[in-house]
Novice: 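Starting off with a structure, shown below.
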Amino acid sequence: MMRLVMLGAPGSGKGTQAVKIGEAYGIPAISTGDILRAHMEEGTELGERAKTYMETGDLVPDDLIIEIALERISRKDCVKGFLLDGFPRTVEQAEALDCKLARMDVRLDKAINIAVDSEALVCRTTGRRVCRDCGASFHIKTMPPAVKGVCDECGGELFHRADDYEETVRNRIEVYHGQTELLIGHYKAEGLYASVDGMKTPDEVFEEIQGILGPPGK
Ligand code: AP5
């Protein structure tokens, strides 16, 4: 049973580690960015409202995202724990999560930050290409697919996320420093905060995380 929050700037590797943790510890990895992108794809009213914020790299308003995230952790598959990737991102969201968990009579186990240099964040995001079909992530320089523009996993088409162009990425990083970094203090005060060195390889980062959480299956 484990309830986790992943903190970290855009491109720090939250999604990459969320998948590894979810698989190893048997908990659902919930990405609010993925939920919002799915709404945009389906053209829902929420997706239309979120789109204008996401495309410029700003946060969608708290009232839009809080309800979605809290509803998601109320579902059956979260009874034995969950990992939140990209929520909370503001103090208001963190307080709403605290209230919800208190009502459920449960606690978070850890809030794990992934620390990465700003220029590495820009390089990782602007070079990222994502599969339209299975969501697998590649990088044009550090992790290119065997065939340009084609997913190694499923043969799907790779695309450049609308918010992964340099100007938008730099705004996302500023927004992170202005609004989300404050959560480090919030979780330190609750005694839940831990940080790992995100400049290491994904496997090395995951090893550090396991050092914090303890080996899977225990
Ligand atoms: P979201 O999709 O969550 O984007 P993000 O937080 O900006 O994070 P990214 O997906 O860009 O990066 P990541 O940290 O997951 O890194 P990844 O593992 O992919 O949110 C998008 C937008 O939705 C927000 O801007 C906002 O508008 C809105 N939103 C979402 N949640 C919200 C909320 N709670 N409140 C308000 N608005 C919200 O890795 C990045 C790249 O680096 C990949 O190519 C990967 O292969 C590579 N990589 C990963 N780890 C390493 C490593 N250790 N070494 C080298 N390369 C690595």
Side-chain angles (χ1 to χ4, degrees), residues 4-21 29-37 39-40 47 49-62 64-66 68-69 83-95 97 110-130 135-143 158-188 192-202 204-206 208-209:
L4 307 172
V5 160
M6 298 298 294
L7 301 172
S12 56
K14 299 183 297 298
T16 304
Q17 296 303 324
V19 171
K20 288 176 181 289
I21 296 168
I30 299 166
S31 156
T32 43
D34 284 348
I35 293 173
L36 291 168
R37 277 185 290 277
H39 275 275
M40 279 166 57
R49 286 182 67 194
K51 189 173 179 179
T52 47
Y53 299 96
M54 291 175 77
E55 285 188 349
T56 53
D58 291 324
L59 296 184
V60 306
D62 285 334
L64 278 191
I65 197 74
I66 287 174
I68 295 174
L83 178 157
L84 286 168
D85 159 16
F87 183 91
R89 286 191 207 224
T90 63
V91 172
E92 191 174 341
Q93 292 178 20
E95 287 170 349
L97 177 62
K110 282 279 174 230
I112 301 176
N113 181 53
I114 306 181
V116 172
D117 299 347
S118 284
E119 285 316 304
L121 297 173
V122 175
C123 171
R124 286 184 190 183
T125 46
T126 55
R128 170 169 49 190
R129 300 294 182 270
V130 183
S137 184
F138 298 85
H139 190 281
I140 50 172
K141 290 196 180 124
T142 57
M143 213 205 302
L158 301 184
F159 76 105
H160 195 168
R161 257 170 63 172
D163 60 349
D164 272 349
Y165 290 88
E166 184 166 346
E167 192 184 339
T168 310
V169 166
R170 291 199 184 273
N171 184 42
R172 286 163 62 197
I173 295 170
E174 260 186 51
V175 167
Y176 168 78
H177 289 308
Q179 299 188 61
T180 308
E181 217 169 24
L182 296 171
L183 297 183
I184 291 178
H186 179 90
Y187 287 115
K188 273 187 178 167
L192 298 174
Y193 179 78
S195 188
V196 294
D197 179 2
M199 296 299 288
K200 296 180 177 172
T201 66
E204 287 168 340
V205 176
F206 185 52
E208 264 200 59
I209 291 175

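This chain uses plain numbering: 1 for the first residue, then up along the sequence.
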Novice: Are the side chain of R129 and the backbone of F159 linked by a donor-acceptor contact shorter than 3.5 Å?
Specialist: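 No; zero donor-acceptor contacts below 3.5 Å.
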Novice: Between H160 and R128, is a side chain to side chain contact (heavy atoms under 4.5 Å, CB included) present by the stated rule, with each step listed?
Specialist: CA-CA 7 Å; H160 195 168; R128 170 169 49 190; over 6 Å; no
Novice: Donor-acceptor pair, D197 side chain versus M199 backbone, under 3.5 Å?
Specialist: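 Here the side-chain-to-backbone pair exists.
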Novice: Carefully, step by step, assess I30 and L83 under the rule side chain to side chain contact (heavy atoms under 4.5 Å, CB included).
Specialist: CA-CA 6 Å; I30 299 166; L83 178 157; over 6 Å; no
Novice: Determine, step by step, whether I112 and I209 satisfy the side chain to side chain contact (heavy atoms under 4.5 Å, CB included) criterion, reporting the C-alpha distance in whole Å, the side-chain angles of both residues, the deciding distance to 0.1 Å, and the verdict.
Specialist: CA-CA 8 Å; I112 301 176; I209 291 175; 3.9 Å; yes
Novice: Which atom pair, heavy atoms only, marks the closest approach of L121 to P10?
Specialist: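 Looking at all heavy atoms of both residues, the closest pair is CD2-O, 3.2 Å.
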Novice: Give a yes or no on whether E181 atom CD has more than 12 heavy-atom contacts from other residues, nucleotides or ligands under 6.0 Å away.
Specialist: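 Atom CD in E181 is crowded, with more than 12 foreign heavy atoms closer than 6.0 Å.
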Novice: Rounded to the nearest 0.5 Å, what's the gap from CG on L7 to CD1 on I184? Could you check?
Specialist: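 Rounded to the nearest 0.5 Å, the CG-CD1 separation comes to 6.5 Å.
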Novice: Decide, yes or no, whether a salt bridge links R170 with E174 under the criterion of side-chain N to carboxylate O below 4.0 Å.
Specialist: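 No salt bridge links R170 with E174.
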Novice: Considering non-hydrogen atoms only, spot the tightest contact between A194 and K110 and give its length.
Specialist: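 Looks like CB-CD, 4.3 Å.
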Novice: Using the rule given for side chain to side chain contact (heavy atoms under 4.5 Å, CB included), can you reason through I21 versus M6, listing the C-alpha separation, both sets of side-chain angles and the distance that settles it, and then say yes or no?
Specialist: CA-CA 11 Å; I21 296 168; M6 298 298 294; 3.9 Å; yes
Novice: Should we count CZ of R161 as having more than 12 external heavy atoms under 6.0 Å?
Specialist: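 Yes, enclosed.
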Novice: Does the E204 side chain pair with the main chain of T201, one donor and one acceptor, at a distance under 3.5 Å?
Specialist: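 Judged by distance alone, yes, a pair lies under 3.5 Å.
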Novice: Report yes or no: does T168 contribute a side-chain atom to a donor-acceptor pair with the main-chain N or O of D164 at less than 3.5 Å?
Specialist: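 No, T168 side chain to D164 backbone: no donor-acceptor pair under 3.5 Å.
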Novice: Please confirm whether the backbone N or O of T125 pairs with a side-chain atom of H139, one donor and one acceptor, at under 3.5 Å?
Specialist: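 Pair absent, no side-chain N/O of H139 close to backbone of T125.
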Novice: Give a yes or no on whether the backbone of H177 and the side-chain of T180 come within a donor-acceptor separation of less than 3.5 Å.
Specialist: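 Between the backbone of H177 and the side chain of T180 there is no qualifying donor-acceptor contact (under 3.5 Å).
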Novice: Shortest non-hydrogen contact from I66 to F87?
Specialist: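 Closest heavy-atom pair between I66 and F87: CA-CE1, 4.1 Å.
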Novice: Using every non-hydrogen atom in the two residues, find where A94 and L183 come nearest and quote the distance to one decimal.
Specialist: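 Shortest heavy-atom contact: CB-CD2, 3.7 Å.
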Novice: Using only atom types and a distance under 3.5 Å, with no angle test, would you say the side chain of T56 pairs donor to acceptor with the backbone of Y53?
Specialist: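 Pair found, side chain donor or acceptor close to backbone of Y53.
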Novice: Check this for me: K51, atom NZ, are more than 12 non-hydrogen atoms of other residues, nucleotides or ligands nearer than 6.0 Å?
Specialist: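 No - once you tally the heavy atoms of other residues, nucleotides and ligands closer than 6.0 Å, there are 12 at most.
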Novice: Apply the test side-chain hydrogen bond (donor to acceptor under 3.5 Å, both in side chains) to residues T90 and D62: give CA-CA distance (whole Å), side-chain angles for both, the deciding distance (0.1 Å), then the verdict.
Specialist: CA-CA 8 Å; T90 63; D62 285 334; 3.0 Å; yes
Novice: Just by modelled atom types, is the Y193 backbone N or O under 3.5 Å from a matching donor or acceptor in the K188 side chain?
Specialist: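 Looks like no, no N/O pair under 3.5 Å.
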Novice: Can a donor-acceptor pair be found, under 3.5 Å and without considering hydrogens, that links the side chain of R124 to the backbone of S12?
Specialist: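 Checking the backbone N and O of S12 against the side chain of R124, a donor-acceptor pair under 3.5 Å is found.
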